[in-house]
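Naming: A, B, ... by sequence-line order, numbering from 1 per chain. Every heavy atom of this structure was used, including side-chain atoms; hydrogens, water molecules and symmetry mates were not.
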Amino acid sequence: VTELTLVQAVNRGLQEAMRADPDVLVLGEDVGVNGGVFRATEGLFKEFGDSRVIDTPLSETGIVGAAIGMALYGLKPVAEIQFLDFIYPAFDQIVSELSKFRYRSGGQYPCHVVIRAPYGGGVKGGLYHSQSTEAYFCHTAGLKVAIPSTPADAKGLLLTAIHDEDPVMFLEPKRIYRSVTGEVPDGDHRVPFGHARLVREGSDVSLFAYGAMVPPSMEAAEALSQEGIQAEVIDPRTLVPLDETAIVTSVEKTGRAVIVHEAARFCGVGAELAAVIAEKAFFSLKSPVARVTGYDTPFPYALENLYLPNAEKIAHAARSAVRAS
Amino acid sequence: MPPASSATPAARDTSPPREAEFPNDRALEAYRWMVLSRSTDERCLSLQRQGRIGFYAPLLGQEAAQVGCALALRPEDWVFPAYRELAVALTRGVPLRSIVDQLIGNSADLSKGRQMPNHFGFAAQRFVVASSPIGTQITQAVGAAMAAQRRKDPIVTVPFFGDGATSSNDFHAGMNFAGVFRTPTIFFCQNNQWAISLPREKQTRSRTLAEKAEAYGFPGVVVDGTDLRAVFRAVSAARERAVRGEGPTLVEAQVYRLGPHSTSDDPKRYRSDAEVAEWKSRDPIARFRAELLKAGLLDESGDQKILEAARAEVQAAIDAGEAARPMAPSSIFDDVFAELTPRLIEERDGFESNPGGGASHP
């Protein structure tokens with residue numbers, strides 16, 4: 001066990017995967033000599049050289065297209081997109097190609113690529129270094145979507161992603177890259193996909209949060225506890241596949257659900273979680289499902305703290321849910 | 001001569017003429033592949049009109065470019081086709097039966113009926129499954145070439161695309177990556193003069209498509225795509241360069257799409273009969289046939305036998321394909337992932353208990 005930040009845990013996961021398997025390689029912008037703009041690939045270039053830590057020209061469609069070709073050939077590429085906000089030139093490759101290779105070839109061409117991208121707000125990044133657009137990828141059949149909220153999960157989910165047989169969008173909450181530290185198991189630590197993490201047990205209301213929204217949800221839960229409200233906090237860890245059982249079981253216990261994400265509300269992941277709860281736990285509900293999310297606006301630079309969910313907003317929603325019944 | 005608006009083929013064949021001359025002992029094989037693809041084309045256009053297949057994109061006029069290129073490649077090379085590369089698939093040894101199964105989308109289709117006709121994929125022949133978006137296979141082919149470099153495999157990867165694709169994002173990204181990483185890639189562009197309704201000269205101001213390679217730091221050659229031998233020479237030279245570690249080549253094979261873009265297209269809306277007639281007079285199959293007859297490699301009765309054999313093979317493939325069972329309904333849910341997710345299992349179970357009920361929760 002080693003104490004690491006979240007970004008260090010990503011780095012450690014990459015390093016261990018590359019040491020264990022010569023087919024694993026990293027490609028992206030500034031990932032080599034520079035070690036990545038967030039230092040997620042620091043030290044890898046020195047250890048593995050330029051044939052496995054590939055500084056690419058500035059083209060996201062080139063990065064993902066090339067990664068797809070490498071994967072078809074039998075390698076295990078981990079592509080870094082510098083910010084999720086810059087992934088759209090590669091959207092065609094991800095949505096039309098990567099996600100559909102296995103399906104459209106009748107299983108002849110599995111295409112296992114991991115795409116890592118830092119995402120999310122709270123870093124004074126403005127419109128183009130802050131967005132949380134995980135829903136685009138969740139909506140595309142054939143992609144798995146993993147989002148860690150702790151250093152241990154960052155390494156564990158990343159190693160699972162690298163060993164998975166399907167394409168994985170691995171979205172890293174950059175706001176907590178360094179603000180969160182935690183113990184990370186050494187060695188081949190893998191966290192299975194589709195298994196939510198029970199972050200905090202509670203009986204009165206369920207808070208569902210992932211990525212950088214887990215810490216404020218925990219903060220809200222602690223505050224609520226002072227008021228005698230016991231909030232359960234659940235981190236789904238992977239949005240695809242989604243641990244619906246954990247969600248339904250928790251709502252059956254608490255009867256109340258508050259869904260938290262920093263992405264815009266409309267057609268966000270919260271809409272799907274709310275639908276799952278409505279379809280499968282409706283008769284357990286004591287109050288309407290609540291969502292605490294970003295607004296349906298572009299991401300505002302100067303006012304980002306007002307845009308983003310925080311402990312106060314989350315606690316307010318949970319309190320309202322408890323008082324409603 | 002073709003109309004002034006079109007590029008003039010043959011004028012700028014810059015490929016080395018001598019070192020990789022097309023071997024005469026493969027001439028009849030090449031001719032058979034061309035005739036077989038033409039016979040398939042003709043039948044498929046009528047099958048589509050009869051409603052027996054849903055769609056078809058003919059390669060009429062591009063046979064010499066495709067067969068000439070494919071014969072210059074080796075089985076271990078990787079082909080990244082677009083959706084018009086039927087003759088490439090045949091030449092690489094894909095059974096016609098497999099092609100027809102895909103056109104029909106039956107249970108024998110190796111792609112399990114998942115795609116429109118012409119979007120073939122045959123892993124055994126290293127013929128990567130095609131898609132409809134234009135140009136996306138180009139960066140993928142470059143990535144596969146980077147993987148081959150890493151594995152030190154002496155192979156080439158070959159993305160196939162048309163003149164329209166040279167305007168796509170992935171063409172430029174792929175060419176750039178290939179130049180930077182010096183990948184063993186042959187960019188095989190069949191410039192068939194028309195991207196649906198847009199003529200070549202409205203696609204780019206460049207004098208040739210091949211000259212675009214210059215900007216990415218590697219050679220581009222123009223070749224008369226109606227001349228099978230010239231295509232073979234150009235691709236052979238490019239292949240040799242690539243496996244020697246000298247990097248990529250862009251080959252622009254100048255051809256003409258004699259048919260419609262697809263069965264959904266009416267080319268009379270945008271181009272003249274005179275232009276089509278001009279290019280028809282330079283039919284690549286007729287040209288090669290004349291060469292074979294002149295060289296004594298083929299006679300009239302041999303030619304007739306080849307044509308009859310091709311037609312019989314096409315008929316047999318259609319008969320078998322139409323007799324095959326349709327895909328099993330529940331197969332909809334397979335191959336989304338390596339294993340079904342709980343959500344997909346739930347949807348499949350709901351589908352099986354009530355196939356007409358959509359994806360509703362049970």
Engineer: Around atom CZ of A:Phe91, are there more than 12 heavy atoms of other residues, nucleotides or ligands at under 6.0 Å?
Structural biologist: yes
Engineer: Look only at the side chain of A:Asp166 and the backbone of B:Ala338, and say whether a donor-acceptor pair between them is shorter than 3.5 Å.
Structural biologist: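 Side chain of A:Asp166 to backbone of B:Ala338, a donor-acceptor pair under 3.5 Å: yes, one is there.
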Engineer: Starting from the C-alpha separation in whole Å, work towards a yes-or-no answer on side-chain contact (heavy atoms from CB on, under 4.5 Å) for B:Phe177 and A:Ile63.
Structural biologist: CA-CA 9 Å; B:Phe177 272 52; A:Ile63 294 167; 4.3 Å; yes
Engineer: So which of A:Glu272, A:Glu60, A:His112 has the biggest tally of heavy-atom pairs under 4.5 Å with chain B?
Structural biologist: A:Glu272
Engineer: So how far is it from B:Phe337 CZ to A:Asp164 CG, rounded to the nearest 0.5 Å?
Structural biologist: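 That separation rounds to 9.0 Å.
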Engineer: Among A:Glu165, A:Arg102, A:Arg52, who wins on heavy-atom pairs under 4.5 Å with chain B?
Structural biologist: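 Most pairs with chain B among the choices: A:Arg102.
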Engineer: Drop me the distance from A:Ser105's OG to B:Leu110's CG, to the nearest 0.5 angstrom.
Structural biologist: 10.0 Å
Engineer: Quick check on B:Ala141 against chain A: is it the side chain, the backbone, both or neither that has a heavy atom closer than 4.5 Å?
Structural biologist: neither
Engineer: If you take all heavy atoms of A:Val276 and B:Arg343, which pair is closest and at what distance?
Structural biologist: CG2-NH2, 3.5 Å
Engineer: Name the region of B:Thr341, side chain, backbone, both or neither, that has any atom closer than 4.5 Å to a heavy atom of chain A.
Structural biologist: side chain
Engineer: Assess, by modelled atom type and distance only, whether the side chains of B:Ser131 and A:Glu97 contain a donor and an acceptor separated by less than 3.5 Å.
Structural biologist: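 Yes, A:Glu97 and B:Ser131 have a side-chain donor paired with an acceptor closer than 3.5 Å.
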Engineer: Considering non-hydrogen atoms only, spot the tightest contact between A:Tyr109 and B:Val129 and give its length.
Structural biologist: CE1-N, 3.6 Å
Engineer: With a 4.5 angstrom heavy-atom cut-off, could you sort out which part of A:Asp50 is near chain B: side chain, backbone, both or neither?
Structural biologist: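 For A:Asp50, no heavy atom lies under 4.5 Å from chain B.
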Engineer: Quick check on the interface: out of A:Lys144, A:Gln108, A:Met70, who has the most heavy-atom pairs with chain B under 4.5 Å?
Structural biologist: A:Gln108
Engineer: How far apart are the C-alpha atoms of B:Ser111 and A:Arg104, what are their side-chain angles, what is the distance that settles it, and do they pass the side-chain contact (heavy atoms from CB on, under 4.5 Å) test?
Structural biologist: CA-CA 6 Å; B:Ser111 300; A:Arg104 81 184 196 212; over 6 Å; no
Engineer: Which atoms of B:Val336 are under 4.5 Å from chain A, going by heavy atoms: the side chain, the backbone, both sets, or neither?
Structural biologist: both
Engineer: What pair of heavy atoms forms the shortest contact from A:Ile68 to B:Gln140, and how long is it?
Structural biologist: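 Closest pair (atom of A:Ile68, atom of B:Gln140, distance): CG2-CG, 3.7 Å.
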Engineer: Got a sec: does the CD of B:Glu322 have more than 12 other heavy atoms crowding it under 6.0 Å?
Structural biologist: yes
Engineer: Which answer fits B:Leu340, side chain, backbone, both or neither, if we ask what part of it has an atom under 4.5 Å from a heavy atom of chain A?
Structural biologist: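 Looking at B:Leu340, nothing touches chain A.
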Engineer: Taking every heavy-atom pair that is under 4.5 Å apart, which of A:Gly107, A:Pro241, A:Pro57 has the most such pairs with chain B?
Structural biologist: A:Pro57
Engineer: For the atom pair CG (B:Asp170) and OG (A:Ser59), what is the distance rounded to the nearest 0.5 Å?
Structural biologist: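 Between atom CG of B:Asp170 and atom OG of A:Ser59 there are 7.5 Å.
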Engineer: Return the option, out of B:Ala145, B:Gly174, B:Pro133, B:Ala124, with the maximum number of heavy-atom pairs under 4.5 Å with chain A.
Structural biologist: B:Pro133
Engineer: Grab the two heavy atoms, one from B:Val128 and one from A:Phe101, that are nearest each other, plus how far apart they are.
Structural biologist: CG1-CE2, 3.7 Å
Engineer: Do any pairs count as a side chain to side chain donor-acceptor pair (under 3.5 Å) and have a residue in residues 142-153 of chain B, sequence neighbours left out, and if so which ones?
Structural biologist: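 Every pair satisfying side chain to side chain donor-acceptor pair (under 3.5 Å) with a residue in residues 142-153 of chain B: A:Asp23-B:Arg151, A:Ser51-B:Arg150, A:Tyr73-B:Asp153.
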Engineer: In terms of heavy-atom contacts, does CZ of B:Arg325 have more than 12 from other residues, nucleotides or ligands at under 6.0 Å?
Structural biologist: no
Engineer: To the nearest 0.5 Å, what is the distance between CD (A:Gln93) and OG1 (B:Thr136)?
Structural biologist: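 Answer rounded to 0.5 Å: 5.5 Å.
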Engineer: Is it the backbone or the side chain of B:Asp334 that comes under 4.5 Å from a heavy atom of chain A, or both, or neither?
Structural biologist: backbone
Engineer: Please check if any side-chain donor atom of A:Thr61 sits under 3.5 Å from a side-chain acceptor atom of B:Asn169, or the reverse.
Structural biologist: no
Engineer: What's the spacing between A:Lys100 NZ and B:Arg114 CZ if we round to 0.5 Å?
Structural biologist: 13.0 Å
Engineer: When you look at B:Glu346 and A:Lys280, which way does the side-chain contact (heavy atoms from CB on, under 4.5 Å) test go after all the steps?
Structural biologist: CA-CA 12 Å; B:Glu346 182 183 287; A:Lys280 301 183 179 174; 2.5 Å; yes
Engineer: Tell me, side chain or backbone of A:Pro22 under 4.5 Å from chain B's heavy atoms, or both, or neither?
Structural biologist: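 Looking at A:Pro22, backbone and side chain both touch chain B.
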Engineer: What heavy-atom pair brings A:Ala66 and B:Met146 nearest, and what distance separates the two atoms?
Structural biologist: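 That would be CB-SD, 4.2 Å.
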Engineer: Near A:Tyr128 OH, under 6.0 Å, is it more than 12 heavy atoms from other residues, nucleotides or ligands?
Structural biologist: no
Engineer: Check whether A:Ile54 gets within reach of chain B through its side chain, its backbone, both or neither, counting any heavy atom under 4.5 Å.
Structural biologist: side chain
Engineer: Top residue by heavy-atom pair count (under 4.5 Å) with chain A, among B:Gly143, B:Ser132, B:Gly121?
Structural biologist: B:Gly143
Engineer: Answer with side chain, backbone, both or neither: which region of B:Phe80 has an atom nearer than 4.5 Å to a non-hydrogen atom of chain A?
Structural biologist: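 Just its side chain gets close to chain A.
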Engineer: Considering only heavy atoms, which portion of A:Pro110 lies under 4.5 Å from any heavy atom of chain B: side chain, backbone, both, or neither?
Structural biologist: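 Answer is neither: A:Pro110 stays 4.5 Å or more from chain B.
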Engineer: So which heavy atom on B:Thr139 is nearest to which on A:Gly65, and how close?
Structural biologist: OG1-CA, 3.3 Å
